[in-house]
*Asks:* 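A single structure is presented below for examination.
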Amino acid sequence: MQRRDFFKKLGVVAAATALTPTISFASGAKSKNAMTYKTALDAITGGKTAKVSSKVKLKTPEIAENGAVVPVTVNVDSPMTSDNYVKAIHILASKNFNARSIDVNLTPANGKAMFSTRIKLGGTQDVIALVELSSGEFLMASQNVKVTIGGCG
Amino acid sequence: MAKRKSLIKIKPKKFKDGEIVKVSFMVMHPMDTGTQKDKKTKELIPAKYINSVKFNYKGKEITNMTVWESLSTNPVFTTYMKVDGKGELKVTFTDSTGEVHETSKKIKPKG
């Protein structure tokens with residue numbers, strides 16, 4: 001019996017120590033617009049599935065030394081005429097507390113479907129470019145970025 | 001409130017009518033996420049980030065962006081634009097604290 005009790009207690013302590021740091025982190029670093037990658041993806045596509053396509057070219061460094069400044073460039077192969085153009089480019093980061101980084105709404109007056117900016121990454125994760133075409137289709141491309149120092153506290 | 005420095009850059013510098021040029025908009029902005037702590041006082045730095053950016057050319061909106069907090073400090077927004085005669089390119093952005101800022105640049109195609 002004594003041995004059994006000992007293991008029971010050990011289990012409880014182990015579970016408590018494993019849980020507490022994650023809970024304290026979550027409550028301490030909560031933002032108003034915290035959004036996981038899945039909910040962000042559903043909010044943008046509205047339940048539609050996004051195809052992985054070679055038309056979308058995502059350019060990011062594979063290893064980012066500083067997570068606070070990660071350059072991201074999205075290039076989409078599109079004619080950009082009034083009936084066939086890129087409606088929007090979304091940049092998502094899968095593990096940031098708010099997965100949505102930026103939504104860019106383009107018009108045919110842009111002439112070329114390209115967008116580039118610099119984002120913050122909290123750690124090693126995937127950067128996803130989600131592209132909405134004027135026909136209602138969704139295309140995407142993703143790349144894993146290794147971050148040595150986190151930038152998005 | 002400190003005056004925000006911002007800049008609109010167009011590449012190439014000399015362009016013709018109908019050409020597609022690269023437009024970058026840069027702004028000095030802290031982009032605080034609201035989750036970071038001040039190292040000295042150990043208090044949370046309140047959130048202050050750009051909400052939306054709009055590009056207006058000749059009174060018509062060409063690009064409109066919804067921005068969240070995970071952009072870098074002093075962000076840069078780069079897109080392309082088709083030149084369509086003389087006009088003014090106006091960039092407006094709003095902040096999560098309600099700050100509004102506007103910059104403009106005259107566009108003069110040659111030839």
Side-chain angles (χ1 to χ4, degrees), chain A residues 25-35 40 44 64 66-76 78 80-81 86-93 95-122 125 127 150-153, chain B residues 11 15 18-27 29-39 42-47 49-85 87 89 93 96:
Chain A
F25 172 75
S27 60
K30 212 169 195 178
S31 161
K32 265 186 252 162
N33 2 322
M35 209 186 269
I44 296 166
N66 186 359
V69 184
V70 182
V72 178
T73 305
V74 184
N75 248 309
V76 190
S78 163
M80 292 301 271
T81 53
V86 173
K87 218 174 174 185
I89 296 173
H90 308 269
I91 296 173
L92 306 169
K95 275 180 193 162
N96 273 4
F97 67 87
N98 181 3
R100 283 173 99 158
S101 286
I102 186 163
D103 311 335
V104 186
N105 296 313
L106 301 170
T107 54
N110 283 101
K112 211 172 185 183
M114 177 268 189
F115 183 74
S116 131
T117 188
R118 301 188 295 215
I119 63 169
K120 279 184 258 188
L121 294 177
Q125 58 189 294
V127 173
C152 203
Chain B
K11 258 185 180 183
F15 47 83
E19 210 172 313
I20 293 167
V21 291
K22 201 181 201 175
V23 181
S24 337
F25 171 61
M26 298 164 210
V27 59
H29 197 280
M31 294 297 282
D32 289 323
T33 58
T35 58
Q36 277 170 321
K37 269 182 186 169
D38 196 312
K39 273 177 190 169
K42 297 196 173 168
E43 277 173 17
L44 283 176
I45 301 169
Y49 56 92
I50 292 170
N51 261 349
S52 78
V53 182
K54 277 171 190 165
F55 282 53
N56 264 287
Y57 175 45
K58 289 174 79 181
K60 218 173 131 190
E61 195 176 283
I62 54 166
T63 315
N64 131 29
M65 303 167 201
T66 313
V67 186
W68 310 86
E69 55 267 72
S70 56
L71 246 67
S72 298
T73 47
N74 307 338
V76 181
F77 306 91
T78 311
T79 47
Y80 279 84
M81 188 187 89
K82 208 173 185 179
V83 178
D84 180 26
L89 179 73
F93 79 77
S96 63

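Just so we're on the same page: letters track the sequence lines, and every chain starts at 1.
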*Asks:* About how many Å separate CD1 of A/I102 and CZ of B/F77, when rounded to the nearest 0.5 Å?
*Replies:* 5.0 Å

*Asks:* Which atoms form the tightest heavy-atom contact between B/T73 and A/R118, and what is the distance?
*Replies:*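 Shortest heavy-atom contact: O-NH2, 4.2 Å.
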
*Asks:* Using 0.5 Å steps for rounding, measure from the CG atom of A/N98 to the OH atom of B/Y49.
*Replies:* 7.5 Å

*Asks:* Donor-acceptor pair, B/S72 side chain versus A/I119 backbone, under 3.5 Å?
*Replies:* yes

*Asks:* Quick check on the interface: out of B/K22, B/K82, B/E61, who has the most heavy-atom pairs with chain A under 4.5 Å?
*Replies:* B/K82

*Asks:* Rounded to the nearest 0.5 Å, what separates atom CZ in A/F97 from atom OG1 in B/T33?
*Replies:*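 The distance works out to 4.5 Å.
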
*Asks:* Please report the shortest heavy-atom distance between B/Y80 and A/N110, naming the atom on each side.
*Replies:*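 Heavy atoms only, the tightest pair is O-ND2, 2.8 Å.
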
*Asks:* Just verifying a value: how many Å separate B/L71 CG and A/T117 OG1, rounded to the nearest 0.5 Å?
*Replies:* 4.0 Å

*Asks:* For atom NZ of B/K58, is the number of surrounding heavy atoms from other residues, nucleotides or ligands below 6.0 Å larger than 12?
*Replies:* yes

*Asks:* Would you name the heavy atoms of B/M65 and A/F115 that are closest together and state the gap between them?
*Replies:* CE-CE1, 3.7 Å

*Asks:* To the nearest 0.5 Å, what is the distance between CE (B/M81) and OG1 (A/T107)?
*Replies:* 10.5 Å

*Asks:* Please state whether the side chain, the backbone, both or neither of B/I20 comes within less than 4.5 Å of a heavy atom of chain A.
*Replies:*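 The side chain, not the backbone.
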
*Asks:* With no hydrogens and no angle check, is any side-chain donor or acceptor of B/K60 less than 3.5 Å from a backbone partner on A/A109?
*Replies:*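 The answer is no, because no donor-acceptor pair under 3.5 Å joins these two groups.
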
